Chemist: 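I have a structure here, written as structure tokens, and I will follow up with some questions on it.
When a ligand or atom number is given, it counts from 1 through the structure's own listing order. Values in this document were obtained by computation on a predicted structure and should not be read as measured data.
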Amino acid sequence: MPHSNPYDFPVVRVGGLATASVTRRQLADCMVQDCMAARNDRERWLPKVVLSSNGQGIALAGRDPAFAGAMAQADIIHADGMPVVLASRLTRHPLPERIATTDFFHDAAHAAERHGLRFYILGAKEQQNRAAVEAIQRLYPKVEIVGSRDGYFASDQDDAVCEEIRRSRADVLWVALGKPRQEYWAIRNRRNLQGVGWIKTCGGLYAFLAGDAPRAPLWMQKLGLEWLFRALDDPKHLLWRYVITNPVAAYRLVRYTQRAPVF
Ligand code: UDP
């Protein structure tokens, strides 16, 4: 989080991370405002980096100062995890709702249709990236997708990737490179992406859009059990992650949540 908060929502420290106490709708409005401001000042505008907080990220930030440092440079961190929302009740500004990136994407796409915002879709394997782009075009025919590319490139290609994105005149850059690569990538490359309104990290979003991964039933999402559903759906990849990170995240959510707001 920068040293001041230009947005009109409070920011509270939950599990060590400065987290926006914001609704999905407000967040989509912020996206539109920032993208419009970027269009008015394309040469100088540096993208806002919008990251999300969940148990895995909280645990990782606790044990890896470099990742904590990257998270601290975000312009907005929203809560993509029910436990984060529950822990925020210990603060003076409890979070009004969970903002899963997979849900927020649809708010953002509706707003993009209304305001003519352009999306760039970065990350995932080529086939999944293509399937996600097709799904977005089918669901939101009015959203202009001005570019896309897979997420398997070396860091010495960053400059070329950024140049392509700048040239595309994208307003919102969606970045799915997995945690923590996507957070590091967004922070490291924002200075090379003048004129882009927002960089939004989005982890497994394209797998959901492409239909490669099912969403948990609503009752599990409401109980904060989406992680369990995902772990059982893909145990080889995810079960161990949650077994390790959940207890650490639970501890940090109690120990590093502060009543007084950051902003
Ligand atoms: N991914 C990528 N490049 C990489 C590593 C991962 O594009 O170097 C993609 C991967 O294909 C997947 C997405 O990042 O579509 C999210 O991966 P994962 O599920 O591991 O991330 P998480 O959900 O933990 O953020």
Side-chain angles (χ1 to χ4, degrees), residues 15 17 49-64 66-68 70-71 74 76-84 98-105 119-136 145 147-158 160-162 164-165 170 173-189 199-216 220-221 224-246 248-249:
L17 301 179
V49 174
V50 183
L51 308 179
S52 64
S53 164
N54 62 9
Q56 185 203 357
I58 286 172
L60 188 55
R63 72 166 185 274
D64 183 348
F67 185 70
M71 293 299 288
I76 302 177
I77 299 175
H78 65 82
D80 186 343
M82 223 31 209
V84 182
R98 173 188 179 208
I99 307 185
T101 304
T102 35
D103 294 323
F104 177 70
F105 177 80
F119 284 1
Y120 191 105
I121 304 298
L122 177 65
K125 300 231 166 78
E126 213 175 303
Q127 196 189 345
Q128 191 172 77
N129 179 294
R130 202 175 320 122
V133 168
E134 282 165 16
I136 299 164
I145 299 178
S148 62
R149 69 156 295 157
D150 71 273
Y152 292 85
F153 53 90
S155 52
D156 63 6
Q157 284 179 271
D158 281 356
V161 172
C162 288
E164 186 192 311
I165 295 166
L173 168 61
W174 297 89
V175 180
L177 301 175
K179 227 185 245 318
R181 190 181 165 205
Q182 60 196 13
E183 286 77 9
Y184 289 130
W185 194 92
I187 295 296
R188 198 174 63 237
N189 288 290
I199 304 175
K200 176 72 198 87
T201 54
C202 59
L205 172 69
Y206 306 157
F208 290 113
L209 285 172
D212 294 343
R215 268 320 277 280
M220 283 185 101
Q221 293 185 37
L225 292 176
E226 188 153 22
W227 63 272
L228 181 62
F229 180 87
R230 286 191 67 193
L232 295 176
D233 184 58
D234 185 6
K236 224 171 61 200
H237 179 200
L238 294 175
L239 197 57
W240 192 238
R241 174 197 289 180
Y242 290 122
V243 167
I244 299 275
T245 59
N246 277 4
V248 180

Chemist: Taking only heavy atoms of G123 into account, list the atoms of ligand 1 that are under 4.0 Å away from them.
Modeler: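 In order of numbering, the contacting atoms are 7 (O).
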Chemist: How long is the span from the OG atom in S155 to the OH atom in Y184, to the nearest 0.5 Å?
Modeler: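 Taking OG in S155 and OH in Y184, the distance rounds to 13.5 Å.
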Chemist: Could you state the interatomic distance from CD1 (I58) to OG1 (T245), rounded to the nearest 0.5 Å?
Modeler: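 Answer rounded to 0.5 Å: 10.0 Å.
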Chemist: Specify side chain, backbone, both or neither for R230, according to which of its non-hydrogen atoms lie closer than 4.0 Å to ligand 1.
Modeler: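 Looking at R230 and ligand 1, just side chain atoms fall under 4.0 Å.
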Chemist: Could you tell me the residue and atom name of the protein heavy atom closest to atom 13 (C) of ligand 1, and the distance to it rounded to 0.1 Å?
Modeler: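 Ranking protein heavy atoms by distance from atom 13 (C) of ligand 1, first comes G203 O, 3.4 Å.
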Chemist: Which heavy atom of the protein is the closest neighbour of atom 7 (O) of ligand 1, given with residue, atom name and distance?
Modeler: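 In this structure, atom 7 (O) of ligand 1 has A124 N, 2.7 Å as its nearest protein heavy atom.
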Chemist: Please list the nearest protein heavy atom to atom 5 (C) of ligand 1 with its residue and the distance rounded to 0.1 Å.
Modeler: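 The closest heavy atom on the protein side is L177 O, 3.2 Å.
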Chemist: Near E164 CD, under 6.0 Å, is it more than 12 heavy atoms from other residues, nucleotides or ligands?
Modeler: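 More than 12 within 6.0 Å, yes.
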Chemist: Once rounded to the nearest 0.5 Å, what's the spacing between atom CG of L122 and atom CG of N189?
Modeler: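 Rounded to the nearest 0.5 Å, the CG-CG separation comes to 9.5 Å.
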Chemist: For ligand 1, which atoms sit closer than 4.0 Å to a heavy atom of K125?
Modeler: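 Selected atoms, number and element: 11 (O).
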Chemist: Nearest 0.5 Å, what's the CG-CZ distance between D103 and F208?
Modeler: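 The distance works out to 9.5 Å.
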Chemist: In terms of residue, atom name and distance, what is the protein heavy atom nearest to atom 14 (O) of ligand 1?
Modeler: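 Residue, atom and distance for the closest contact: G178 N, 3.1 Å.
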Chemist: Just wondering, do Y120 and R149 contact through their side chains at under 4.5 Å, heavy atoms?
Modeler: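 They are in side-chain contact.
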Chemist: Could you walk me through whether D158 and F153 pass the side-chain contact (heavy atoms from CB on, under 4.5 Å) test, one step at a time?
Modeler: CA-CA 8 Å; D158 281 356; F153 53 90; 3.3 Å; yes
Chemist: Give the residue, atom name and distance (to 0.1 Å) of the protein heavy atom nearest atom 9 (C) of ligand 1.
Modeler: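 Looking at atom 9 (C) of ligand 1, the protein heavy atom closest to it is A176 O, 3.6 Å.
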Chemist: Do R241 and D234 meet the salt-bridge criterion of a basic N to acidic O distance under 4.0 Å?
Modeler: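 So D234 does not pair with R241 through a salt bridge.
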Chemist: When rounded to the nearest 0.5 angstrom, what distance separates CH2 in W227 from CE in M82?
Modeler: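 These two atoms lie 14.5 Å from each other.
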Chemist: Could you tell me which atoms of ligand 1, counted from 1 in the order shown, lie closer than 4.0 angstrom to a heavy atom of Q128?
Modeler: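 Matching atoms, with element in brackets: 15 (O).
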Chemist: Looking only at protein heavy atoms, which one is nearest to atom 3 (N) of ligand 1, and what is the separation?
Modeler: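 Checking every protein heavy atom, the shortest distance to atom 3 (N) of ligand 1 gives G151 O, 2.7 Å.
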Chemist: Residue-level breakdown please: for E126 versus ligand 1, do any non-hydrogen atoms fall below 4.0 Å on the side chain, on the backbone, on both, or on neither?
Modeler: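 Within the 4.0 Å criterion, E126 makes no contact with ligand 1.
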Chemist: Considering only protein heavy atoms, which is closest to atom 8 (O) of ligand 1, and at what distance to one decimal place?
Modeler: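 Nearest neighbour among protein heavy atoms for atom 8 (O) of ligand 1, to 0.1 Å: R181 NH1, 2.7 Å.
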Chemist: Among all protein heavy atoms in this structure, tell me which lies nearest to atom 1 (N) of ligand 1, with the distance rounded to 0.1 Å.
Modeler: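 Sorting protein heavy atoms by distance from atom 1 (N) of ligand 1 puts Y152 OH, 3.3 Å first.
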Chemist: Look at atom 18 (P) of ligand 1 and find which of Q182, H237, Q127, E183 reaches it with the closest heavy atom.
Modeler: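 Selected option, by shortest heavy-atom distance: H237.
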